[in-house]
Structure formats: C-alpha cells, structure tokens
Amino acid sequence: MQFEKSRRIFVIFIFLLLGFVVFLSIVYFKIALPRKMPTLIINKTDVAVRGSIYTKDEYSLARSKKLYKLGFNPRSIDPNKKDLFVTLLEIYSDISREKILEALSQPRYKILSYSISPNVAASLKTLNAKLLAYDVFREYEDENGKPVQKMGLSIEVSGVDREYPYGDVLEPIVGYVKKQQSGELTIPQGVDGIEKSQDQILKAINNGVVSGKRDIGFNVVQNKSSLFQKRYDGFDVQLGIPLKLQQKLEEILDEAIREFASEEVIAGILNPKNGQIIAFATSNRFNPKNIKKQDYPSLKIRAIESFEPGSTIKPLVYALLLEKKLINPLSPIDLNNGHYRVGKYIIKDDSVVPKNPTIEDVLLRSSNVGMVKLSMLLSGKEFYDGLKSFGLAQITGVDLPYEKDGIIPSVREFSQESSAAKASVSYGYRVRVTFMQLLRAYGAFVNGGYLVTPHITQNFIAPDGTIYVPKLAPPKMAISSTTAQKMQDLLVKVVESGTGKAAKVEDIIIGGKTGTARVVDVSQGYGETYNGSFFGFAKDMQSTYVIGVVTFGSSGQHYYGSQTSAPVFKKIVELLLTQGYLKPISLERK
C-alpha cells in the first residue's frame with residue numbers, strides 16, 4: 001500500500017516537472033528570443049558626390065546634392081497616435097496628408113518619396129527622434145504571431161541630384177547630365193559639354209562606409225567600436241571664365257540675335273599666349289535642369305562644328321604666301337576689273353577694285369579675284385601642308401567632347417591642273433573649319449606664330465583642396481615670327497582702312513578680317529542664307545586677346561560679316577575695356 005502511494009506521488013512529480021519544463025520552454029522561445037534585436041550591427045553607406053563646376057571667380061555653375069528617400073512601416077504606428085503622426089509628418093516633409101494616409105492604409109513598408117532634399121531630411125531626422133520619444137511607434141505581431149520590433153522613420157540616401165544655380169549661363173559649354181542607376185542609387189553622368197569631357201574628373205571616387213551598433217531609429221551609434229571609412233567625392237573643375245564677363249557677353253549676343261534675322265550668334269575670347277578661353281557664349285542657350293524639345297538644336301556646341309569660313313580664311317592663305325616668300329605686298333597686281341574665270345566658273349569681287357591695286361590690297365579689299373590668282377603660286381603640297389600647319393583638318397584639343405576636325409581638299413585635288421580646289425579654298429569655299437580652329441589660328445598672328453591648345457578648364461581641385469593644373473599639348477609653330485608680325489600689321493590695316501572698319505575701337509589696336517559665306521543646302525546647293533564672321537585681335541600696351549564672332553544663317557538685307565559680326569566684335573572689345581581687361585593706350589603711355 002505504501003509503495004503504491006509512493007509511486008503515484010512520483011508520477012505526479014514527473015508530470016509536474018515536465019509541465020514546468022514545457023512552461024520554461026514556452027517562456028524562452030515565445031518571449032525571450034523575439035525580444036532580442038534581429039540585427040545589432042548595421043552598415044551604412046556615406047554616399048560620395050560628383051564634383052562641382054566653378055567659374056574663375058568661384059561661382060558655382062553646376063553642383064551636386066544628395067537626395068533622400070522617406071519610408072515607414074504603417075503597422076508600426078500606434079493607432080491611437082495616428083493623427084499626431086500624420087499631422088507632424090505633413091508639416092516636416094511637405095508631403096500631402098492624403099498621400100500619407102494612403103500609405104498608412106497599406107499593410108507593408110512604404111516609400112513616400114525618393115527626392116527629399118538634405119535640409120528636409122535633417123528636419124525629418126529630428127522629427128523621428130520626437131516621435132520615438134512620444135511612443136508613436138510600437139511593436140506588433142506579424143501574421144505568424146511573431147513579434148516585430150518597432151521601427152521609426154527610415155531616411156536614407158536615394159541618389160545624387162545635379163543643380164545649375166545660374167540656369168542657362170555658359171550653356172551649352174557647361175553641358176548637362178543624365179541619371180544613371182548604380183545599385184540602389186541614382187547618380188548623374190555627363191552627357192555633353194564640360195560635364196562630359198571632364199566626367200572622369202568630376203565623378204565620385206568612392207563611397208564611405210559607417211559600421212556599428214544601431215539604435216531604434218536604425219542609426220549607427222558612434223562609439224569606439226564603430227568603424228568609419230572616409231568617402232571621396234569627385235574633383236571640382238574650375239573654369240578660366242569669370243561669371244560677370246560671361247554674363248555681359250551673353251547680353252551682347254542676346255541683343256544681336258534680336259537685331260539680325262539669324263539662326264545663332266556665337267563669340268569667344270582667347271588668350272593667345274596660353275590658350276585660355278576667358279569667355280565663350282551663344283545666343284541659343286538652354287536650362288540644363290529643364291531641357292525641352294525646342295532646346296534640342298541648341299544642345300550641340302556650334303564652336304566645334306564645321307562650316308565654310310568665307311573670307312576669314314584669306315589671312316591664313318596670305319600668310320602661307322608670305323612664309324614661302326612668294327609675294328611682295330607692295331607689288332602691283334592685275335585684279336581683272338573684279339572678274340576672273342577659273343574653268344567654267346566666273347569669280348567676282350564684291351568690293352570696288354582700287355585704281356592701281358597692290359598685293360596688299362588683295363587682303364585690305366578682300367578681293368576674291370586676287371586671292372585666286374595668288375593661290376596659284378602655291379604648289380598643291382604647299383597649300384595642303386600650309387593649311388595643316390594652321391591646324392585645319394585636325395582637332396584643336398579643346399576640352400569639349402565630340403569636336404569635329406573639318407575638311408580640306410587632298411594634295412591631289414590641290415595639284416589638279418584646273419586648280420579649282422586652290423581657287424575655291426583661297427576665298428573660303430570647299431573647305432570646312434570650326435570656330436575653335438580659326439580662333440587659335442588667328443592667335444598665331446599675335447603670339448609669334450604658334451598654335452596653342454585652346455582650353456576652358458583652368459584647374460582641378462581635389463576634395464582635400466589640392467589644386468592640379470591640366471596638362472596641355474605644347475605649342476606648335478605655324479608660321480615664323482617674322483611672318484606673324486607682317487600679318488599682324490596687315491590685319492590692323494584691314495580694320496583701319498579696309499573691310500573691317502566696323503570693328504574699329506579708338507585707343508585700342510584692332511586687327512582682323514571679315515568673312516561671308518553662303519550656306520549650302522545638301523539637297524539644293526547654295527541658298528540665300530549666309531554665315532557672316534569676324535576674327536581678329538584687340539591689343540593695348542600690356543594685353544592681347546583674340547576674339548571671334550560668327551553669325552549663322554543670316555538673310556535679308558544685312559548678312560555680310562561686316563554688317564553682323566564686326567559690330568558685335570566691336571562691342572566685345574568695348575566690354576573688355578569697361579571690365580578692365582584692356583586699357584586705353586593713351587592712358588597707358590602717360
């Protein structure tokens with residue numbers, strides 16, 4: 001009897017012990033384990049950004065800013081505090097109440113926006129801390145009955161945006177970008193202009209990483225155990241163009257395009273000693289942040305597209321003749337009363353033929369007949385090599401993408417007995433050049449005969465502030481210094497007493513040459529629109545600048561380069577005077 005009683009007590013004890021073990025197991029697995037944070041250590045990316053583009057005087061033309069995405073888990077919001085959450089989030093984020101309520105109605109995590117600005121993101125992080133303090137967020141059980149830790153607002157970098165604080169200033173030279181996906185981030189990539197040519201310099205180098213224990217808001221707790229890898233942003237690019245000079249130049253061209261019935265007016269100013277472009281502008285600009293369909297024709301940089309130059313090529317051909325000692329400017333020449341036959345074509349002069357013309361008058365009066373006759377003195381190879389020595393039919397190396405090299409006839413074409421190629425090229429047809437090629441070619445007349453590499457960029461600036469100067473191709477000799485000086489003097493005469501009088505500015509030495517060429521239509525031949533141009537230089541006692549102006553697609557009564565581009569050239573020289581880049585010679589001599 002006693003044994004049976006002991007056995008029953010033992011069985012009851014075993015059942016009680018098993019029940020206690022089961023109870024402890026339930027407590028452990030159902031309560032203790034879920035309360036442990038699923039992830040104690042997290043990694044956060046410190047996103048590096050694209051470098052900025054600055055003017056010479058350090059105004060930002062293009063810069064980057066981070067964009068943030070805002071998300072939250074609707075089921076983490078305490079239902080009793082939903083109105084408080086919606087009201088505060090609407091105020092801090094500027095996202096509509098309707099959109100927030102729509103997100104709250106979803107059963108899963110929701111991204112409200114991918115384009116939160118850095119300032120708003122900072123405010124939202126402050127709000128998140130307040131909401132956590134007010135216990136707006138709560139733990140809840142998922143569909144499987146598993147507790148889910150409460151989660152605050154998620155504010156993470158979604159990508160990098162590109163800003164252009166001055167809108168269309170210096171476009172299309174600055175260029176524009178497109179959005180590119182990199183993992184979960186959207187980053188800008190250069191498409192054209194400096195944004196494209198310096199893309200490898202501007203692009204972000206390496207993202208940073210922060211690793212460590214997290215808080216309830218999923219932020220890394222900064223302490224001794226956290227790890228930090230520094231981010232490296234892209235280099236900044238500083239241009240050699242001052243903002244004020246650029247804006248004033250654009251105002252001049254805006255006024256010109258209103259005055260002329262033209263497609264586009266472009267102008268550039270070059271330092272012929274070092275190749276630095278100190279201003280470049282076009283009348284056809286666009287806002288790179290808001291490119292519209294009507295802007296598409298303006299996206300191309302006209303300065304590196306080729307065109308037939310007309311009479312602006314005559315100084316180059318004339319210089320070759322001087323270099324080869326084939327002409328004496330003071331010798332007489334028969335201009336055939338302004339008419340000359342070459343094969344089946346009749347060459348005509350637009351200007352009145354002087355009574356007793358000299359070879360010098362050929363350039364002063366811009367005589368097509370004279371240039372045709374003089375060009376016959378050059379052999380085919382001399383003509384070809386001479387134009388190449390001036391940099392034609394080859395890129396200049398300017399720091400812009402997609403530069404064209406232009407076209408000149410071959411040695412064989414120049415050497416043909418009819419000499420049609422020589423004749424046409426001598427006054428600017430059957431040859432295609434770029435604005436940039438002519439700008440640096442005219443620089444050779446005032447820098448001792450050298451071709452320099454035109455460039456817009458002045459410096460690269462590393463994230464630590466170190467300044468790097470871009471390496472340029474060394475200057476190449478185009479003509480001797482003696483020939484360069486003779487051409488300089490002759491081009492001054494062109495302005496003083498020849499076809500370039502409209503470019504004259506008192507108390508400044510001005511030299512240059514007009515040009516006018518009919519625009520060819522691929523299907524119909526030469527039409528009734530014209531490109532008028534003026535290339536030359538402006539000097540005082542200390543400084544020299546080469547200036548080019550081209551008015552594309554003019555029609556009507558005023559289309560000659562002397563009527564369109566030469567007056568614009570004059571206004572640009574006057575601008576350089578008022579801005580202090582040039583000084584009146586009479587004042588400098590005192």
Side-chain angles (χ1 to χ4, degrees), residues 306-324 326-329 331-354 357-390 392-393 405-433 437-438 441 499 513-533 559-561:
S306 66
F307 65 99
E308 288 185 311
S311 294
T312 51
I313 203 172
K314 289 176 181 176
L316 279 60
V317 178
Y318 199 96
L320 299 180
L321 292 160
L322 286 176
E323 186 77 359
K324 298 293 182 182
L326 296 174
I327 59 172
N328 178 353
S331 297
I333 184 173
D334 182 5
L335 297 181
N336 294 74
N337 294 317
H339 293 75
Y340 189 68
R341 178 179 289 277
V342 177
K344 61 181 180 178
Y345 298 102
I346 299 294
I347 311 300
K348 297 180 181 180
D349 281 336
D350 293 326
S351 59
V352 178
V353 178
T358 64
I359 290 177
E360 183 177 78
D361 287 319
V362 171
L363 203 57
L364 297 184
R365 307 295 176 185
S366 196
S367 170
N368 293 340
V369 170
M371 287 305 303
V372 170
K373 295 183 76 172
L374 294 176
S375 69
M376 302 304 170
L377 301 174
L378 291 163
S379 71
K381 189 173 189 312
E382 286 174 333
F383 210 147
Y384 178 85
D385 290 344
L387 293 180
K388 294 281 282 189
S389 72
F390 268 112
L392 304 193
D405 57 5
I407 302 170
I408 61 175
S410 65
V411 174
R412 183 181 61 80
E413 290 174 295
F414 274 131
S415 302
Q416 286 175 352
E417 190 174 340
S418 65
S419 302
K422 285 183 186 177
S424 298
V425 172
S426 71
Y427 59 95
Y429 287 91
R430 284 192 66 178
V431 58
R432 296 187 68 86
V433 304
Q437 286 173 341
L438 282 179
T499 59
K513 183 71 186 72
T514 55
T516 307
R518 278 190 175 186
V519 178
V520 65
D521 186 293
V522 176
S523 59
Q524 300 177 0
Y526 289 98
E528 294 303 317
T529 57
Y530 298 81
N531 295 334
S533 53
Y559 59 83
Y560 285 105

Indicate yes or no for a side-chain donor-acceptor contact from Asn368 to the backbone of Asp349 under 3.5 Å, with no hydrogens or angles considered. no
So do Ser389 and Leu320 actually touch side chain to side chain, heavy atoms under 4.5 Å? yes
Restricting to non-hydrogen atoms, name the atom on His339 and the atom on Val369 that form the minimum distance, rounded to 0.1 Å. N-CG2, 3.8 Å
Residues Arg432 and Gln437: closest non-hydrogen pair is O-OE1, 4.5 Å
Is a salt bridge present between Arg518 and Glu528, judged by a nitrogen-to-oxygen distance below 4.0 Å? yes
Quick check: do Ile359 and Asn328 have side-chain heavy atoms less than 4.5 Å from each other? no
To the nearest 0.5 Å, how far apart are OH in Tyr384 and OG in Ser379? 13.0 Å
Taking Lys324 for its side chain and Leu378 for its backbone only, find out whether a donor-acceptor pair lies under 3.5 Å. no
Yes or no on side chain to side chain contact (heavy atoms under 4.5 Å, CB included) for Val433 and Thr312, after CA distance, side-chain angles and deciding distance? CA-CA 10 Å; Val433 304; Thr312 51; over 6 Å; no
Considering non-hydrogen atoms only, spot the tightest contact between Pro309 and Ser533 and give its length. O-OG, 3.9 Å
Are the side chains of Leu316 and Leu392 in contact, using a 4.5 Å heavy-atom criterion? yes
Please check if the side chain of Lys513 supplies one atom and the backbone of Leu363 the other of a donor-acceptor pair under 3.5 Å. no
For the CD1 atom of Ile347 and the OG atom of Ser426, what is their distance to the nearest 0.5 Å? 7.5 Å
Before giving the answer on side chain to side chain contact (heavy atoms under 4.5 Å, CB included), spell out for Ile408 and Phe383 the whole-Å C-alpha distance, their side-chain angles and the decisive distance to 0.1 Å. CA-CA 10 Å; Ile408 61 175; Phe383 210 147; over 6 Å; no
Could you report the tightest heavy-atom contact between Ala517 and Tyr429, atom names first, then the distance? CA-OH, 3.2 Å
With side chains defined as the heavy atoms from C-beta onward, is the minimum distance between Pro329 and Tyr318 less than 4.5 Å? yes
Closest heavy-atom pair and its distance - Ala393, Lys388: O-NZ, 3.7 Å
Are Leu374 and Ile333 close enough that some pair of their side-chain heavy atoms sits under 4.5 Å apart? yes
Between Arg341 and Asn336, is any pair of side-chain heavy atoms under 4.5 Å apart? no
Please lay out, stage by stage, how Tyr427 and Lys314 fare under the test side chain to side chain contact (heavy atoms under 4.5 Å, CB included). CA-CA 6 Å; Tyr427 59 95; Lys314 289 176 181 176; 3.6 Å; yes
How far apart are the C-alpha atoms of Lys373 and Asp334, what are their side-chain angles, what is the distance that settles it, and do they pass the side chain to side chain contact (heavy atoms under 4.5 Å, CB included) test? CA-CA 9 Å; Lys373 295 183 76 172; Asp334 182 5; 3.9 Å; yes
Distance in Å, Leu377 CG paired with Glu382 CD, rounded so as to fall on 0.5 Å steps: 9.5 Å
Within the structure provided, determine whether Tyr560 and Thr499 are in side-chain contact (heavy-atom separation under 4.5 Å). no
Do Ser366 and Ser311 have side-chain atoms, one donor and one acceptor, less than 3.5 Å apart? yes
Give the minimum heavy-atom separation between Gly561 and Thr516, together with the two atoms involved. N-OG1, 2.8 Å
Donor-acceptor check, side chain of Arg430 to backbone of Ser424, threshold 3.5 angstrom: yes or no? no
Validation row: Tyr345, Val372 side chains within 4.5 angstrom (heavy atoms): no
